Amino acid sequence: MTLNELNDYFDAFLKNGDYSLDISKNGVQVQNSAPDKKQITKVAFAVDACLSTIERAAKAGAGLLFVHHGIFWGDCSTITGSHYKRIASLIKNDIALYASHIPLDANNPYGNNFGMAARLGIKDAVPFGTWRGMTLGAIGTLPSPLSADALVSKAFPEGARSLHVLPFGKSEISRVAIISGGAGDDIDQAIEAGADAFITGEIGHEQFHVAEENGITVIAGGHYETETVGVNLVKAKLEEEKGVECVFLDVPTGL
């Protein structure tokens with residue numbers, strides 16, 4: 001597939017145009033040398049468009065790097081420092097960059113939040129939680145109640161990682177609200193929605209007492225870890241539907 005074909009493919013279900021208030025420049029952020037002609041036979045997926053993932057994509061022979069966190073946000077940045085190094089590496093290796101921020105958080109079923117809901121076995125998940133007027137999370141009921149420890153194990157089954165758990169909710173958790181990444185401030189929305197537990201990436205000091213006083217369990221699985229879900233679901237979709245070779249580049253921050 002060419003870059004233009006891949007761009008059309010991703011846009012068809014991620015619907016970038018529905019998220020015009022996102023500060024990320026979603027879609028193709030850096031093109032390759034021939035977007036309408038050059039065949040891309042391998043696509044790399046990663047959470048962040050950092051220099052490490054770009055260089056790993058080049059080493060893997062990828063022609064496109066698909067990420068959740070791109071390199072262009074809001075107003076255009078000067079191409080200096082780390083920004084220069086990333087763009088220079090993309091151009092030197094003729095790798096295109098595609099970013100999907102809020103569209104990938106919100107997508108059902110391929111996004112971070114509905115993907116996490118599916119991992120938990122939640123069948124009735126519906127959109128939940130707004131940011132800048134955009135709904136990006138998911139909320140629903142577990143197939144059977146779980147303890148906080150069991151919920152953590154089901155949400156993050158791959159092994160040890162940095163987790164913060166505030167176990168202030170019910171001993172048996174049923175209703176779960178999910179917003180990946182840095183959504184600690186959205187605990188109030190989870191409380192208002194009647195959630196027994198709130199799964200997010202980061203939680204701050206100021207949310208500790210809010211959780212305790214309102215009797216809600218909070219699981220902060222790490223900004224990075226909660227946002228590996230969507231890129232891997234899109235990776236699997238592309239592999240299955242288009243037969244394109246794909247690779248996930250795991251560059252965890254522990255945060």
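Heavy atoms only: backbone and side chains are in, while hydrogens, waters and symmetry mates are out. Everything numeric here is computed off the predicted structure, so don't read it as measured data.
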* Would you call Asp22 and Arg132 a salt bridge, using N to O less than 4.0 angstrom? -> no
* **cation_pi(Lys237, Phe13) dist<6.0 Å, angle<=45** => yes
* Donor on one side chain, acceptor on other, Asn32 and Asp94, under 3.5 Å -> no
* So, are Lys59 and Glu55 salt-bridged, with charged N and O less than 4.0 Å apart? -> no
* To do: Return yes if a side-chain donor-acceptor contact under 3.5 Å exists between Asn26 and Ser24, otherwise no.
  => yes
* Asked: Is it true that Lys170 and Asp196 make a salt bridge, defined as a side-chain N closer than 4.0 Å to a carboxylate O?
  -> yes
* To do: Count the heavy atoms belonging to other residues, nucleotides or ligands that lie under 6.0 Å from NZ of Lys85, then report whether that count exceeds 12.
  => no
* Any chance NZ of Lys42 has more than 12 other-residue heavy atoms, nucleotides or ligands included, within less than 6.0 Å? -> yes
* **Heavy-atom neighbours of Glu240 CD exceed 12 at 6.0 Å** => no
* Could you tell me if the ring centre of His209 sits under 6.0 Å from that of Phe168? => no
* To do: Starting at CD of Gln39, measure out to CG of Leu6 and round the result to the nearest 0.5 Å.
  => 9.0 Å
* Relative to the ring of Trp131, is the ring of His101 parallel (under 30°), tilted (30 to 60°) or perpendicular (over 60°)? -> perpendicular
* Quick check, are the ring centers of His69 and His223 under 6.0 angstrom apart? -> yes
* May I ask you to check whether Phe45 and Phe248 place their ring centres under 6.0 Å from each other? => no
* Structure fact -> Rounded to the nearest 0.5 Å, the CG atom of Asn214 sits from the CD1 atom of Ile191 at a distance of 3.5 Å
